[in-house]
Amino acid sequence: MAPSTRLPDPAQDVPDRVPVQPVPVAEAPLPPAPVSVTAMTPDALRDQGLALAQTLQLRVMERLDGVLEERLRYALADVVQLQTQALYQSIRQEVEGLVSAAVNEAVAQELAELRSPPGARG
């Protein structure tokens with residue numbers, strides 16, 4: 001008789017959380033050194049304000065990217081774990097039904113052969 005092999009239970013083998021690796025973020029260029037606002041023309045003041053706004057937007061988005069990626073990994077890990085558990089249970093029930101039907105059929109055939117007259121056996 002062959003040794004029984006137990007299939008791994010994916011519901012138990014999936015870790016609760018997927019480790020998150022830090023993602024390097026390139027440093028945004030620093031805005032130009034401030035100049036006295038009174039000495040700047042309106043166009044230069046507007047340009048400096050736009051440059052500062054773009055720099056701040058870039059920095060905020062870089063930080064958000066890291067946080068979003070980490071949260072997405074956790075959320076996906078949870079979803080994958082739940083779906084794996086559900087799939088495992090579904091497949092196991094289906095296999096259990098098939099094994100039960102096959103065993104019942106084999107036992108019924110054996111009993112039928114044992115009950116038949118000796119000359120009628122195949």
Side-chain angles (χ1 to χ4, degrees):
M1 176 180 231
S4 68
T5 56
R6 188 178 83 75
L7 295 175
D9 182 356
Q12 293 177 359
D13 295 341
V14 176
D16 287 340
R17 296 282 183 196
V18 176
V20 177
Q21 297 295 325
V23 177
V25 177
E27 280 293 319
L30 294 175
V35 177
S36 171
V37 175
T38 56
M40 297 179 70
T41 66
D43 287 340
L45 186 58
R46 180 182 48 85
D47 290 345
Q48 188 172 8
L50 289 174
L52 178 60
Q54 288 176 340
T55 300
L56 290 174
Q57 179 184 355
L58 180 63
R59 286 184 178 181
V60 168
M61 290 308 297
E62 286 174 346
R63 289 186 181 172
L64 280 177
D65 284 343
V67 171
L68 288 174
E69 182 177 349
E70 181 179 348
R71 288 190 179 186
L72 183 60
R73 284 183 193 211
Y74 283 135
L76 285 177
D78 291 343
V79 168
V80 168
Q81 183 177 5
L82 290 173
Q83 291 301 316
T84 300
Q85 290 171 347
L87 184 60
Y88 173 79
Q89 293 299 325
S90 175
I91 291 172
R92 189 175 191 299
Q93 287 174 352
E94 183 70 25
V95 169
E96 184 177 3
L98 292 172
V99 168
S100 177
V103 169
N104 288 338
E105 184 179 333
V107 169
Q109 283 178 347
E110 287 294 320
L111 290 175
E113 286 182 21
L114 290 175
R115 290 183 186 146
S116 65
R121 290 187 193 163

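- Under the 4.5 Å side-chain contact rule for hydrophobic residues, L56 and L64 do not share a cluster.
- Following chains of ILVMFWY side-chain contacts shorter than 4.5 Å, one can reach V95 starting from L87, so the two form part of one hydrophobic cluster.
- If you take CG on L52 and CG on D47, they are separated by 12.5 Å, rounding to the nearest 0.5 Å.
- Taking CG from L98 and CD from E94, the interatomic distance works out to 5.0 Å, rounded to the nearest 0.5 Å.
- Note that the CZ atom of R59 and the CD atom of Q54 stand 13.5 Å from one another [nearest 0.5 Å].
- Remark: side-chain polar atoms of S90 are not paired, donor with acceptor, to backbone N or O of A86 under 3.5 angstrom.
- With hydrogens and angles disregarded, a donor-acceptor distance shorter than 3.5 Å links the side chain of T55 to the backbone of A51.
- In the hydrophobic clustering of this structure, L111 groups with V103; members are Ile, Leu, Val, Met, Phe, Trp, Tyr whose side-chain heavy atoms approach within less than 4.5 Å, directly or through other members.
- Following chains of ILVMFWY side-chain contacts shorter than 4.5 Å, one cannot reach L50 starting from L58, and the two form parts of different hydrophobic clusters.
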